Number of protein chains: 4
Amino acid sequence: MAVLKAKLYLLLEATPRNTRGQRAFDLLLVGLILGNVLAVILGSVHTIETEYQTLFVAFELLSVALFTLELLLRLWVSDLSENGSAGLSRRRFWFNPYTWTDILAVAPFYLGFLISMDLRLLRLLRLFRVFRISPYFRSLALLGSVIKQEYRPMLSALSVIIILMLFAAGGIYLLEREGQPEAFGDLPPSLWWVVVTLSTVGYGDAVPLTWLGRTLGAVIMLLGVGMVALPAGMLASRFSQVMHRQQNLFRRLVEQNIEAGNPVSEAMLEPHRIELFISRTEARSIIANCIEESQRPLNFCPECGSRLPGHRTA
Amino acid sequence: MAVLKAKLYLLLEATPRNTRGQRAFDLLLVGLILGNVLAVILGSVHTIETEYQTLFVAFELLSVALFTLELLLRLWVSDLSENGSAGLSRRRFWFNPYTWTDILAVAPFYLGFLISMDLRLLRLLRLFRVFRISPYFRSLALLGSVIKQEYRPMLSALSVIIILMLFAAGGIYLLEREGQPEAFGDLPPSLWWVVVTLSTVGYGDAVPLTWLGRTLGAVIMLLGVGMVALPAGMLASRFSQVMHRQQNLFRRLVEQNIEAGNPVSEAMLEPHRIELFISRTEARSIIANCIEESQRPLNFCPECGSRLPGHRTA
Amino acid sequence: MAVLKAKLYLLLEATPRNTRGQRAFDLLLVGLILGNVLAVILGSVHTIETEYQTLFVAFELLSVALFTLELLLRLWVSDLSENGSAGLSRRRFWFNPYTWTDILAVAPFYLGFLISMDLRLLRLLRLFRVFRISPYFRSLALLGSVIKQEYRPMLSALSVIIILMLFAAGGIYLLEREGQPEAFGDLPPSLWWVVVTLSTVGYGDAVPLTWLGRTLGAVIMLLGVGMVALPAGMLASRFSQVMHRQQNLFRRLVEQNIEAGNPVSEAMLEPHRIELFISRTEARSIIANCIEESQRPLNFCPECGSRLPGHRTA
Amino acid sequence: MAVLKAKLYLLLEATPRNTRGQRAFDLLLVGLILGNVLAVILGSVHTIETEYQTLFVAFELLSVALFTLELLLRLWVSDLSENGSAGLSRRRFWFNPYTWTDILAVAPFYLGFLISMDLRLLRLLRLFRVFRISPYFRSLALLGSVIKQEYRPMLSALSVIIILMLFAAGGIYLLEREGQPEAFGDLPPSLWWVVVTLSTVGYGDAVPLTWLGRTLGAVIMLLGVGMVALPAGMLASRFSQVMHRQQNLFRRLVEQNIEAGNPVSEAMLEPHRIELFISRTEARSIIANCIEESQRPLNFCPECGSRLPGHRTA
């Protein structure tokens with residue numbers, strides 16, 4: 001029993017997920033989740049749902065059964081862990097947000113037996129299962145950490161945008177409310193127009209018609225459009241910067257090992273690779289590159305290729 | 001009385017705003033301002049205003065009273081300051097733009113007693129109170145200084161865009177004015193179409209129908225769309241560059257202190273932290289990082305993580 | 001015969017394509033391909049096709065003849081190559097994707113004799129000929145290699161976007177399905193609205209009308225618009241970074257040759273120029289710049305122009 | 001007479017334009033050009049033109065007279081120049097594109113006497129006068145030189161976009177032509193839809209309705225939108241990079257002068273300032289900064305603020 005439990009722990013929870021069994025299990029889970037998302041989307045279309053009702057019900061029963069089984073097994077092995085006591089790992093299990101997205105995804109089905117309610121809406125809760133996929137994308141965690149670091153300037157850019165929007169809405173409300181009372185007669189629809197315009201979505205459901213209104217609109221578009229793109233631009237440049245630094249830190253580790261005369265292998269660097277959010281292919285090419293570099297004298301920045309000072313050979 | 005005045009000065013004006021009282025006061029003010037903005041927006045909707053009229057009036061009376069009180073108290077303590085004479089600080093009070101946004105926000109209410117006019121429009125002036133929130137966002141000031149530095153290339157990009165727009169408007173006017181005299185019959189509506197198109201808002205209120213017009217439109221979209229995004233892109237890349245430099249300057253300060261053997265504490269670096277627009281969390285992590293770095297030999301660029309020349313140990 | 005075959009190989013396949021004959025042939029091919037693309041586009045318009053039918057047929061016969069001839073000649077010379085056996089180069093010919101776009105472009109015409117089917121649709125296959133142009137653009141290959149390197153973070157950004165979209169679609173479906181059952185009554189049309197909105201295209205065919213729906217829409221626009229622009233921003237910054245590095249690597253090569261006392265000429269560096277995706281003009285200016293630089297003492301970074309340490313003359 | 005001619009040359013053509021007279025003249029010219037642009041725009045509106053016809057005619061006569069006078073004076077002094085023979089400078093005058101925009105702007109008026117034609121359209125030619133303003137924006141020339149440098153990768157990105165568009169148009173044509181023959185029945189309108197969609201303008205004049213068409217549309221939006229933003233992103237990042245380098249080169253010049261013990265003054269560096277496209281304010285702050293820097297030991301990169309190697313004092 002204990003052996004089975006340990007094996008299950010390895011299959012379900014252990015990281016890094018390198019063995020064949022772990023990969024097969026993860027793939028199956030991702031497939032099941034994507035299938036569920038598709039079922040929720042297609043099942044919302046009335047004509048499709050009525051035609052293939054038995055198929056939808058069968059797939060729902062199957063997937064609820066599998067998700068419940070997985071949840072129960074995870075609960076069972078949750079007291080095992082690489083380090084720390086059994087109590088600590090079980091507590092960690094209950095505080096893990098993924099546990100709760102799992103419960104949220106399965107709960108509506110069982111709730112249906114207790115209380116009678118509109119189950120169609122609750123099926124949307126199954127979309128939360130999609131979050132189970134996200135840990136399989138490594139750089140997503142990196143993106144999260146960049147947002148965490150950059151949230152301050154982004155917030156302040158957002159606050160400038162919102163102040164700008166308030167005044168734009170006030171202006172267009174003054175200029176257009178008489179001509180088009182249904183689209184600009186109050187501040188809330190004016191704000192809706194401002195958001196639709198500044199985000200450059202431009203549905204065309206509300207368009208200024210007076211010349212003063214159009215002039216204000218043109219100014220808003222020319223000056224404001226950039227403002228809204230600012231946070232995204234900041235995030236993008238920062239993200240690729242951080243990605244770059246992670247790669248350099250990994251390269252540094254490899255170089256230190258080479259310099260210390262240690263044998264350098266992929267397996268040895270695996271934990272660092274995972275910690276630094278670096279993909280298997282990148283890691284391999286960095287290692288190969290470092291070994292090659294270590295054999296010729298360094299007089300160019302390995303980073304940007306520019307000449308380094310004090311290394312002029314001639 | 002003098003003690004009360006000094007205490008009020010500390011509560012209302014003194015920087016840095018670290019004490020519990022100051023923070024509570026700032027939070028209350030931000031809440032009151034956001035409440036006022038919401039009241040102006042919702043109060044502009046006729047159906048909401050008539051239903052909750054007493055509530056709106058009560059909230060207006062309360063907030064006008066509080067803002068007036070705050071303004072008067074600020075006026076009272078305006079002759080106190082950390083450095084400089086009483087006259088100088090009072091003059092600084094009157095030249096402070098925030099003082100005038102405060103007055104502008106309160107004035108309409110009192111003006112209503114003197115002259116009878118459409119108060120609904122003047123309520124929009126209360127939106128100016130929102131500027132009172134902006135000083136609470138540190139990086140907003142940084143954004144302002146970046147715009148100030150970069151305004152020249154942005155202006156020139158804008159002037160290219162405007163010249164491009166004039167010719168695009170002239171072209172579409174020639175090609176489409178016969179088929180659609182109401183949308184492209186004069187230059188001003190053609191310009192409106194050009195602005196709506198180049199900013200990628202694209203309401204769809206005016207669309208070229210002839211094939212020559214559509215070809216010109218396609219060329220404008222493919223070549224011009226980038227032009228409009230240019231100033232924003234420049235600003236974004238510059239902003240994150242400056243943010244980065246500020247952090248490096250702070251790091252440099254910390255390192256100099258460590259090297260000089262001075263004890264390094266957050267409190268000591270507080271004025272520099274504020275001057276360099278660095279958040280409390282960032283400052284803390286930089287200090288911790290520097291202390292850690294000072295204990296091991298430096299042979300990698302702390303900036304981008306790339307190897308530094310002349311430090312090869314092997 | 002063997003001489004003719006060798007000459008044909010030089011004309012059709014040999015790289016680098018520097019001789020006058022090769023350039024003339026390439027230009028002719030590009031012209032023919034662009035002509036075909038235009039013919040397919042214009043030929044799809046019924047009124048144009050019926051009026052100029054003979055012209056279209058004549059151009060089709062001519063271009064099919066020329067493309068077939070080229071394909072057969074390429075097949076004939078495919079056993080010649082600079083290095084490797086005849087068998088290997090012939091195999092390489094059949095595994096070259098360009099060979100298959102060529103066959104795909106010509107095949108529909110010959111298929112028309114065997115089976116009778118709607119030829120109009122198959123004419124679209126001729127658009128594949130356009131891929132034959134792409135190898136003539138060097139930096140396109142560079143762009144491809146950057147996308148290959150950066151596909152991981154882009155994929156993860158895309159996966160965040162898709163998860164965000166699923167929840168946005170779920171939300172708008174809940175809020176708007178009662179008021180507008182034809183636009184938001186199922187999840188698929190809600191997803192269509194989300195994609196149209198987040199990409200800032202904003203056709204305006206579906207627009208939320210309730211205030212809760214509009215609030216959700218505004219939040220989606222402000223937060224999500226940046227997300228969609230993220231992969232592009234990352235790609236752009238990475239692309240110009242790589243372009244930069246390639247130039248630096250070329251500069252390094254030139255400098256090493258200068259330092260070693262080798263004579264530096266364009267012809268000598270030609271293979272490196274091609275390998276590093278550098279244009280002829282850039283290469284020329286880098287070489288000239290390096291020769292000039294080699295005559296005065298280096299104490300500024302050739303990369304960013306900033307002062308280099310340890311070179312202070314005073 | 002020769003004295004007057006020399007004075008006129010100074011006023012009209014000599015660079016740098018520092019004296020009071022030159023500045024007043026330039027400002028007057030810019031004002032006159034902007035006035036003309038406004039007159040062309042407003043004059044195209046029928047109702048405004050008929051109401052203020054005399055005003056428009058008077059302003060046109062005045063501006064044509066002034067522009068003709070300026071052109072004749074420039075022609076008169078065109079044989080004077082700082083260096084080179086009279087013949088060379090006159091030839092340079094005739095090959096200057098600004099001369100031709102001037103002639104183009106004035107010509108329609110005189111042509112009206114010779115041949116009778118629709119003068120309203122020719123008035124659009126007067127928009128070309130706006131190019132006379134552009135030399136007054138220094139960084140515009142810098143932008144031009146960046147575009148010149150980066151045109152290759154931008155062109156290749158554009159060619160990828162156009163290939164992508166051809167296939168997108170082919171796909172949507174196949175999927176939507178039966179349901180909406182007027183919007184997607186031929187390839188040209190399908191291409192129009194693709195351009196409008198990929199540029200994120202999204203007028204909404206043509207929208208796919210079938211589910212396969214919408215799926216293709218969603219894929220195009222998610223993958224293609226970034227592609228279109230790519231050239232702009234590349235240009236933006238490159239432009240701020242070049243701006244930065246120019247500033248560094250100027251800083252380098254100042255530092256070299258300081259190190260050589262030369263007195264450093266703004267006037268002395270004026271020609272370099274202009275050549276490097278640096279604004280007066282920037283130059284001043286760089287000079288001040290260099291003088292200050294020269295008095296304390298350098299152990300941090302003046303560029304990005306990061307620590308420099310080999311300068312650890314402790």
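Side-chain atoms are counted along with the backbone in the values below, which use heavy atoms only and exclude waters and symmetry mates. So you know, we letter chains A, B, ... as the sequences are listed, proteins then strands, and number each from 1. Model, not experiment: these values are computed from the prediction.
- Taking the side chain to side chain contact (heavy atoms under 4.5 Å, CB included) definition, one finds that Val207(C) meets it with Trp192(A), Tyr203(A), Asp205(A), sequence neighbours left out.
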Throw together a table of side-chain donor-acceptor distances under 3.5 angstrom for residues 214-225 of chain C, partners on residues two or more places apart or in other chains.
| residue | atom | partner | partner atom | Å |
| --- | --- | --- | --- | --- |
| Arg214(C) | NE | Pro208(C) | O | 3.2 |
| Thr215(C) | OG1 | Trp211(C) | O | 2.7 |

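- The nearest pair of heavy atoms linking Thr200(C) to Ser199(A) is CG2-O, 3.4 Å.
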Go through the steps for Val37(A) and Leu166(C) under the test side-chain contact (heavy atoms from CB on, under 4.5 Å), then give the verdict.
CA-CA 9 Å; Val37(A) 168; Leu166(C) 280 175; 3.6 Å; yes
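- At a 4.5 Å heavy-atom cutoff, Leu198(C) makes no contact with chain A through either its backbone or its side chain.
- More than 12 heavy atoms of other residues, nucleotides or ligands sit less than 6.0 Å from atom CD of Glu182(A).
- Looking at Ala206(C), the atoms closer than 4.5 Å to chain A (heavy atoms on both sides) all sit in the backbone: N, CA, C or O.
- Both the backbone and the side chain of Val40(A) come within contact range of chain C, each with at least one heavy atom under 4.5 Å from a heavy atom of that chain.
- Annotation: Phe56(A), atom CZ; neighbour count of heavy atoms from other residues, nucleotides and ligands within 6.0 Å is above 12.
- Expressed to the nearest 0.5 Å, how far CD1 of Ile41(A) lies from CG of Asp186(C) amounts to 11.5 Å.
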